[in-house]
**Student:** 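I'd like to ask some things about the structure below.
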Number of protein chains: 2
Amino acid sequence: MASKKILIIGGVAAGPKTAARARRLDPEAQITILEKGKYISYAGCGMPFYLSGKIHDFDHLYSTSYGVKRDPEFFKSERGVDVFTGVEAISIDRTNKKVVARDVETGEEKIFEYDKLVLGTGSNPITPPIENLDLKGVYRLNHLTDAAAIKQALDAGEVNDVVVIGTGFIGMEAVDAIFSPRRTVTVVEFRETLLPGILDPDMGKLLYKSFYEQGLEGRFGEKVLKLEGEDGRVSKVITDKGSIDADAVILAVGVRPNVKLAQDAGLTIGETGAIAVNEYMETSDPDIYALGDCAENTNLLTGKKVFAPMATYANRQGRVVGDNVTGRKSTFKGILGTGVLHCMDMNVARTGLGEVQARALGYDIETITVATFDMTHYHPNSNKIVLKMIAEKGTQRILGIQGLGKGEVAKRADVVAALIQYGGTLDDLLNVDLGYAPPYNTPIDPMVHAGNALKNKLEGIANTYTPAEVQAKLEKGDDFVLLDVRTAQQFNMRYIEDERTKQLALGELRQKLAEVPKDKEIVTVCVMGSRAYEAARILEGAGFNNVKFMEAGMEGWPFDMEDF
Amino acid sequence: MASKKILIIGGVAAGPKTAARARRLDPEAQITILEKGKYISYAGCGMPFYLSGKIHDFDHLYSTSYGVKRDPEFFKSERGVDVFTGVEAISIDRTNKKVVARDVETGEEKIFEYDKLVLGTGSNPITPPIENLDLKGVYRLNHLTDAAAIKQALDAGEVNDVVVIGTGFIGMEAVDAIFSPRRTVTVVEFRETLLPGILDPDMGKLLYKSFYEQGLEGRFGEKVLKLEGEDGRVSKVITDKGSIDADAVILAVGVRPNVKLAQDAGLTIGETGAIAVNEYMETSDPDIYALGDCAENTNLLTGKKVFAPMATYANRQGRVVGDNVTGRKSTFKGILGTGVLHCMDMNVARTGLGEVQARALGYDIETITVATFDMTHYHPNSNKIVLKMIAEKGTQRILGIQGLGKGEVAKRADVVAALIQYGGTLDDLLNVDLGYAPPYNTPIDPMVHAGNALKNKLEGIANTYTPAEVQAKLEKGDDFVLLDVRTAQQFNMRYIEDERTKQLALGELRQKLAEVPKDKEIVTVCVMGSRAYEAARILEGAGFNNVKFMEAGMEGWPFDMEDF
Ligand SMILES: Cc1cc2nc3c(=O)[nH]c(=O)nc-3n(C[C@H](O)[C@H](O)[C@H](O)COP(=O)(O)OP(=O)(O)OC[C@H]3O[C@@H](n4cnc5c(N)ncnc54)[C@H](O)[C@@H]3O)c2cc1C
Ligand SMILES: Cc1cc2nc3c(=O)[nH]c(=O)nc-3n(C[C@H](O)[C@H](O)[C@H](O)COP(=O)(O)OP(=O)(O)OC[C@H]3O[C@@H](n4cnc5c(N)ncnc54)[C@H](O)[C@@H]3O)c2cc1C
Ligand SMILES: CC(C)(COP(=O)(O)OP(=O)(O)OC[C@H]1O[C@@H](n2cnc3c(N)ncnc32)[C@H](O)[C@@H]1OP(=O)(O)O)[C@@H](O)C(=O)NCCC(=O)NCCS
Ligand SMILES: CC(C)(COP(=O)(O)OP(=O)(O)OC[C@H]1O[C@@H](n2cnc3c(N)ncnc32)[C@H](O)[C@@H]1OP(=O)(O)O)[C@@H](O)C(=O)NCCC(=O)NCCS
Ligand SMILES: [Ca+2]
Ligand SMILES: [Ca+2]
C-alpha cells in the first residue's frame, strides 16, 4: 500500500502541530506543508515581547528551546515533514483530491495530491474603512514581518506618538510592548471600554483606570475616520471627535478567518464566517479538515458557533487533526472563551460568559465584583486583584469569571473554566480542594470568596450596589448616606467627595449606631468590599432595614478619574 | 425567645472563622470563644515568613489588612464576639449543655452554657521518643509563642548549626525560613525522602537534589535517638547512624488532633484519632460540631477517613459550621489532599493520590513524569518544572498530580483538583479551556502536555522508563544503548557517564539511523523528555522494535548527585 498523503495548507501553528502529531503516529505518511509566507512555525503571540525587548533575538520567535530554528530544514530532519514556503495554494480539486499551488515569486504552478487535506489557513487582519492606511508609519501586528517592521521603526526612533486603533487582545499586547514613559501612547476604541467583548464595561473601566494612572491615553466611543500625513508619513489620526498627533499607528481592529480556498472549493462556511467543522474537525468534505483561526468553534456553555482565533485552539486542534488524519478518532469539544493577558504590569483573565453576554443571551443571572488580595495580605508579594463572578440564579451554576490586577488571576480563570466544563455551581466551587499556602493565596482562596460573596448575594445575605449604581445614585441626587467604614487614615487618603459621605470606622460602628440615621438608606463602603459587607450585616442586625454595601469598595471605584 | 448561645472552644482559625460567619447570619446570638493560649486569630502559616524576615512585625501575624490587631477587643467591636483568652475548657456536660472552663493563671473555674457547642481545639505537635528534648535550643514551630522563641534565638545569633527533624510541610517551611548560606542546615528524615507521603519518593529525590545544590544537607532513612547538650544547651543530635553538630534543633515530626475534651465527653473519635463528624461537621452529638485540625476529613477519591490538618479546611469548615449553628444546612464534602509549598525558591504542589498511595490502595494505575517549561521558553520569566501525573488504567480517570520547580505548579494542582472532584479523565483535561498567553503557559498548557504524554503511554505511543528504572538497568549491567539525542553542546555540559551512553542529536537521527544498533534495546534521553519521545517515535517508525525513552530527561535525573 502506498503511504498516505497528508497535505497541509498553512504553516504557522495549526498546520505544523498537525504535521508533528501525524508524523509521530504514522511514520510512513508523506506529510507536506504549503505556506505562502516566508516564516513558518513561529510564535505570533511572542511578537510583543520581541518589540518590548524582552526577547532579544528575532530568531527566538521560531526556535526550539534547545536553540534550533524551526525552518523547513528542521521540519525535514526532526519531523520528516516537507515544507514549501513561498507557495500559495490557490484551488482545491476535491474530485481528484488535488491542490493547485503557485510559487509566489515565480508564479510557477504546481499540483499536490492528497489523501487527507488539512486547512490551517488562519486569519487575516481586518482592514477598516479608514482613509490613507498606506501612509508610512502605519503598522499591523499580525505576522512576523509586521513585528520586524515595527521593531525597525522603534530602533530608528520613529515611534514617539503612537496611536493604537482597537483595544482587543492584540491591540493591548501592542500597547504593552511599546508603552514607555518616553512615548505618548493613545488607544482609540470604537466601543465603550478597553477589551470590549472580553471584559464587561465595568471591568474594562477599572483596567483603564490603572493604565491611565501609568500614562496611557484612552479615547472610547470614538471612531477613526482617516489618517493624515506629511511627506508620505502619518502625522495625524482624525476621528469623529477630534484629531490626535501620531508618528506611528498600529491597526488592531480584529481578524477575519481566511476561508477563500475553502469557500471556492464549495466547503460549508459557518454563520460566523469561519469554516464549519464537526467535533473531529472535519469540514463538510470528510477528507478535508480545518482547524485553527480559519475554523469555527463551539461555545460549550451556549452551544453556539463562535469565531475564536487563539493559538491554544490551533495547537490543541492540531493534535486532534493529527490523530484523525492518521486513523484515530479524537475530538475537540469546544471552548469557553478563556483568555489571559499581561499588559503594563496588570494581569487580566476571563472565562465563560460576561455579564453583558449572559444577559444578551437571556440568562437570568446575578453577578458580584470583589476586590481581594491574591495571597495573604501580610506576604510581601501580595497584590490586589478584582474578580467579577457571574452565575445563573436558581441553579447557581457558574457562567463566568473576569479578573484583573497586579496579582494572580490567570489561575482563577483556569479553575473556573474547569468547573464550567462540568456545569459546576457555586457550591461546587467552595468544595474544590484548592491548595493553600501564604505565598499562593488565602486560606479561603480569593475566587472562593468571590463565589461565597455571590452566594451571599443570591441568598439575601449580601445586599449590594455596584460602584456604577452608587455613582448613578449620587448623580441622580438620591437621599442616602454613603457610610465609609474604613479607618480615618484610609479615608483621608482618598474618598468619594460628596456631602452624603460619612466616615465611621467599622471598629466603632457597634458603639456609635446612634450616629447612623435610621430613616435613610445606608450604603456602606470600604477598601475592597469585605468590611462594608460586615458593616451592612451589623446595621441590618441592629434593625436598619434599608442597607446595602458597595461591591469592591474604593478599589472598584473608577469614577474619580479625570475625564471620567 | 432568648438569643442562641454559641460556644466555641479554640481561638486560632476554626473557632474564629465559625464565630465570624455565625455573627453575620445571626445578629442576636451570644457568641463566645474560649482560648487557653494568649494569642487568637493568628496566621500560624505565616510564622515562617516572620522568621525569614519577610514579615517584619510580629503583630502582622494577627492583624487585618487594614492594620487592626485581631485581639479580643477587635472581636468584640468588629464582630460582636466575646473572646476569653487564657481560659481552658476542661469538661463538657452534654446533658445540661454546659462547659466547665478554668483560668490558666488563677485556676478559677467558670461555667459556660451553650445551645450549640463548637470544638476547634486543633492539634498538638507530636513529641517523639527522643532523649533530652528539654535542652535549650530545641524548638517547635506550631504556635505563635514558638515563632517568637525562634526569632529571638535567630536575632541573638544562636542559630548557626540547625537540625530540622522531620521533612513534612512544617519541617520544610522551617527550612525555608532559616536557610541561609551563613548557616549549616541539616534535615533528618526517618523515611526515604523529603515530604514523605506528600510527594512520591522519586519527586522527593528530585526536590532534594535542588535543595542539596543550594547547600541543604539531607539525612534520609535515619532516626534521631537523642540530643546531647553542653551547659544545658543542645550541641549534638545523635541518630541511629551518626551524630550531627547542632546549636538549634527544630522538631517537626507532625501533629496529632487534640481530642481529649471530646473524648472525655463521650463523643465518637474516628479511626484516624480525630473527632468523627458528618458532612455538616456535626459530631456524634448533634448539638456539638467539630472542625479544623481536631476533626476528621473524608478523602473524596478513596472515601476513606483521613487526618489532614490544614488551615484551608479549618477556614472553609468554619464557614459551614457558622451556617449550621445558625440554622442553615451547609456541607463540607471532603478533601483531595491538595497541598502547596514554597521552599528555597522551589514551588511544590500536589493533589489527589500519589503513585505509592494509589498502588497501596489497589488502583491499577499508570504514571508519567515530564519536565517542561512553565511558560513559553522564549519568555524571560520562564522556568522549568517537573510534573508527575497519575491516572487509572482503563478509565483514564485522573487520580493525582505532583509538581515541583522554580516555575508555576500551584495552578496546575488546583485545576487538576477541580477535575478530580468530577471524576475527570485525561480526555477531560485536554478539553479544558485553559487560558493561554506567553507569560503564563504554553499554547498547550504543561499540565495538558503531561496528560497527553500519559495518554500516549497508556495507548502504547510513548514507551518509557522512569529515571529510576534506567538507573537500575545501568546498575544491573543490562546491555542497551542510552541514546542521548540532545545537541553535542548540551550533552557535554552534563551527561550520564557510562560506556552505554551515545550522543546523536535528534536533528541528525533520521540521517544517521545506521549508527544506531538494531539488535540492542535503545533508551533515548534528552533534556526534558520531549525530544527523547520524538526520537523514540522515529526509531520505532524506522523498524527498531525495542525502544523506550527516559521520562523527564536529565531534568529528572538525580542520580549523579554526590551521596546518592
Ligand atoms: C500579537 C499577537 C498576539 C497573540 N497572542 C495570543 C495569545 O496570547 N494567546 C493565544 O491563544 N493566541 C494569541 N494570538 C493568536 C494566535 O497567534 C493565532 O491564533 C494563531 O497564530 C493561529 O494559528 P493558525 O495556524 O491557525 O493561523 P495563522 O497564524 O494565521 O497562520 C496561517 C498561515 O496560513 C498561511 N496561508 C493562508 N492561506 C494560504 C494558502 N492559500 N496557501 C499557503 N499558505 C496559506 C498564511 O500565510 C499564514 O502564515 C496572538 C496573535 C497575535 C497576532
Ligand atoms: C508553620 C506552619 C505552617 C503552616 N502552613 C500551612 C499552610 O501553608 N497551609 C495550610 O492549609 N495549613 C498550614 N498550617 C496548618 C494550620 O496552621 C492549621 O491547620 C490551623 O492552624 C488549624 O486551625 P485550628 O483552629 O483548627 O487549630 P489550631 O491552630 O491548633 O488552634 C486550636 C486552638 O485551640 C486551643 N485549645 C485547644 N484545646 C482547648 C481547650 N480545651 N480550651 C481552650 N482552648 C483550647 C489551642 O490553644 C489552640 O490555640 C501550618 C501550620 C504551621 C504550624
Ligand atoms: C512546535 C510545533 C511544530 C509542534 O510540535 P510538537 O512536537 O507537537 O510540539 P508540542 O510541544 O506541541 O508537543 C510536544 C509533544 O511531546 C509530548 N511531550 C511534551 N513534553 C513532554 C515530556 N517532557 N516528555 C514526554 N513527552 C512530552 C507532548 O504530549 C506532545 O506529544 P503528542 O502531541 O504526541 O501528545 C507547532 O506547535 C508549532 O509550530 N508551534 C509554533 C507556532 C505556534 O504555536 N504559534 C502560536 C503560539 S505563539
Ligand atoms: C479572619 C477570621 C476571623 C475570619 O473572619 P471573616 O470575616 O469570616 O473573614 P474571611 O476573610 O474569612 O471572610 C470574609 C467574608 O467576607 C466575604 N468577602 C470577602 N471579600 C469580600 C469582598 N471583597 N466583598 C464582599 N464580600 C467579601 C466572604 O465571602 C466572607 O463572608 P462569608 O463567610 O459570610 O461568606 C478567621 O478566619 C481567622 O481568625 N483567621 C486567622 C487565622 C487563620 O486563618 N489561621 C490559619 C491560616 S494562616
Ligand atoms: Ca475592606
Ligand atoms: Ca527535550
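To find a chain, count down the sequence lines: A is the first, B the second, and so on, and within it residues start at 1.
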**Student:** Between A:V416, A:T487, A:N381, A:T64, which has the largest tally of heavy atom pairs under 4.5 Å with chain B?
**Tutor:**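 Most heavy-atom pairs under 4.5 Å with chain B: A:T64.
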**Student:** What closest approach, in Å, do A:G80 and B:R510 show between heavy atoms, and which atom pair accounts for it?
**Tutor:**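 A:G80 and B:R510 have their closest heavy atoms at N-NE, 3.3 Å.
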**Student:** At a 4.5 Å cut-off on heavy atoms, which part of A:F74 comes close to chain B: side chain, backbone, both, or neither?
**Tutor:**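 Neither part.
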**Student:** With chain B, which of A:P439, A:S382, A:A505 has the greatest number of heavy-atom pairs at distances under 4.5 Å?
**Tutor:**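 Sorted descending by pairs with chain B, the first entry is A:P439.
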**Student:** Answer yes or no: is there a donor N or O on one side and an acceptor on the other, between the side chain of A:R316 and the main chain of B:V432, under 3.5 Å?
**Tutor:**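 Flag set: sc A:R316 to bb B:V432 pair under 3.5 Å.
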**Student:** Taking side chain as everything from C-beta outward and backbone as N, CA, C, O, which of these in A:N452 sits under 4.5 Å from a heavy atom of chain B? Side chain, backbone, both or neither.
**Tutor:**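 Its backbone and side chain both get close to chain B.
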**Student:** Side chains of B:R319 and A:L430: closer than 4.5 Å at any heavy-atom pair?
**Tutor:**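 The answer is yes, as the side chains (C-beta and beyond) meet within the 4.5 Å cut-off.
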**Student:** Please tell me if the side chains of B:Y378 and A:S63 come closer than 4.5 Å, counting only heavy atoms from C-beta onward.
**Tutor:**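 Not touching, per the 4.5 Å side-chain cut-off.
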**Student:** Can you check whether A:P443's main-chain N or O pairs, donor with acceptor, with B:T312's side chain at less than 3.5 Å?
**Tutor:**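 Yes; at least one donor-acceptor contact below 3.5 Å.
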**Student:** Between A:I444 and B:K17, is any pair of side-chain heavy atoms under 4.5 Å apart?
**Tutor:**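 With C-beta onward as the side chain, the pair touches.
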**Student:** Counting heavy-atom pairs closer than 4.5 Å to chain B, which one of A:E28, A:K333, A:H60 comes out on top?
**Tutor:**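 Maximum pair count with chain B is reached by A:K333.
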**Student:** side-chain contact (heavy atoms from CB on, under 4.5 Å) for B:R328 and A:E459? Distances and angles first, verdict last.
**Tutor:** CA-CA 11 Å; B:R328 290 175 177 257; A:E459 295 173 2; 3.0 Å; yes
**Student:** A:G46, A:G339, A:A413: which one forms the most heavy-atom pairs within less than 4.5 Å of chain B?
**Tutor:**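 Ranked by heavy-atom pairs under 4.5 Å with chain B, first place is A:G46.
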**Student:** Looking at B:D414 and A:K411, would you say the former's side chain and the latter's main chain have a donor-acceptor pair under 3.5 Å?
**Tutor:**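 Pair absent, no side-chain N/O of B:D414 close to backbone of A:K411.
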**Student:** For B:A371, which residues count as a side-chain contact (heavy atoms from CB on, under 4.5 Å) partner, sequence neighbours excluded?
**Tutor:**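 Checked B:A371 against side-chain contact (heavy atoms from CB on, under 4.5 Å); matches are B:V386, B:M528, B:A552, B:E555.
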**Student:** Sort out for me which of B:A311, B:P438, B:P27 touches chain A most, counting heavy-atom pairs under 4.5 Å.
**Tutor:**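 Counting heavy-atom pairs under 4.5 Å, the top option is B:P438.
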**Student:** Is a donor from one side chain sitting under 3.5 angstrom from an acceptor on the other, for B:D433 and A:Y313?
**Tutor:**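 Short answer, yes.
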**Student:** Which bit of B:F373 comes within less than 4.5 Å of chain A, counting heavy atoms only: side chain, backbone, both or neither?
**Tutor:**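 Only the side chain of B:F373 comes within 4.5 Å of chain A.
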**Student:** Tell me whether the guanidinium CZ or amine NZ of A:R486 lies under 6.0 angstrom from the six-membered ring centre of B:Y66 and within 45° of its axis.
**Tutor:**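 No, cation not above the ring by the 6.0 Å, 45° rule.
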**Student:** Residue by residue, scan residues 536-544 of chain A and write down, ordered by number, those that have a heavy-atom distance under 4.5 Å to chain B; if none do, write 'none'.
**Tutor:**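 Counting heavy atoms that sit under 4.5 Å from chain B, the residues of residues 536-544 of chain A involved are A:R537, A:I538, A:G541.
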**Student:** Pick whichever of A:A417, A:A13, A:G337, A:G507 has the most heavy-atom pairs under 4.5 Å with chain B.
**Tutor:**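 Between A:A417, A:A13, A:G337, A:G507, the count favours A:G507.
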**Student:** Could you check if a side-chain atom of A:F49 sits within less than 4.5 angstrom of a side-chain atom of B:H379, using non-hydrogen atoms only?
**Tutor:**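 The answer is yes; the side chains approach within 4.5 Å.
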**Student:** What residues, two or more places apart in sequence or in another chain, satisfy side-chain contact (heavy atoms from CB on, under 4.5 Å) together with B:V12?
**Tutor:**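 With neighbours one apart ignored, the set is B:E35, B:Y42.
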**Student:** Sort out for me which of A:E73, A:H342, A:K76 touches chain B most, counting heavy-atom pairs under 4.5 Å.
**Tutor:**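 Option with the top pair count is A:H342.
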**Student:** Just say parallel, tilted or perpendicular for the rings of A:Y422 and B:Y422, cut-offs at 30° and 60°.
**Tutor:**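 Correct class here is parallel.
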**Student:** Please classify the contact of A:A349 with chain B as side chain, backbone, both or neither, using a heavy-atom distance under 4.5 Å.
**Tutor:**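 Neither part.
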**Student:** Check each of B:R21, B:R24, B:R23 against A:E534 using the salt bridge (Lys or Arg N to Asp or Glu O under 4.0 Å) test, and report the only one that passes.
**Tutor:**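 Exactly one candidate clears the test, B:R24.
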**Student:** If we count only N and O atoms by modelled type, under 3.5 Å, do the side chains of B:Y440 and A:N347 hold a donor and an acceptor together?
**Tutor:**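 Indeed, the side chains of B:Y440 and A:N347 share at least one donor-acceptor pair under 3.5 Å.
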**Student:** My understanding is that only residues two or more places apart in sequence, or in another chain, count here; which of them pass salt bridge (Lys or Arg N to Asp or Glu O under 4.0 Å) with B:D428?
**Tutor:**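 B:D428 satisfies salt bridge (Lys or Arg N to Asp or Glu O under 4.0 Å) with no residue once adjacent residues are dropped.
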**Student:** Quick one: does A:L434's side chain get under 4.5 Å of B:T338's, heavy atoms only?
**Tutor:**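 A:L434 does not reach B:T338 side chain to side chain.
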**Student:** Applying side-chain contact (heavy atoms from CB on, under 4.5 Å) to A:S77 and B:Q511, what does each step give before you reach the verdict?
**Tutor:** CA-CA 8 Å; A:S77 65; B:Q511 282 80 53; 4.2 Å; yes
**Student:** Is it the case that the side chain of B:N431 and the backbone of A:F332 share a donor-acceptor pair, with hydrogens and angles ignored and the cut-off at 3.5 Å?
**Tutor:**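 Answer holds: no.
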**Student:** With chain A, which of B:T376, B:L341, B:L509, B:T351 has the greatest number of heavy-atom pairs at distances under 4.5 Å?
**Tutor:**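 The option with the most such pairs is B:L341.
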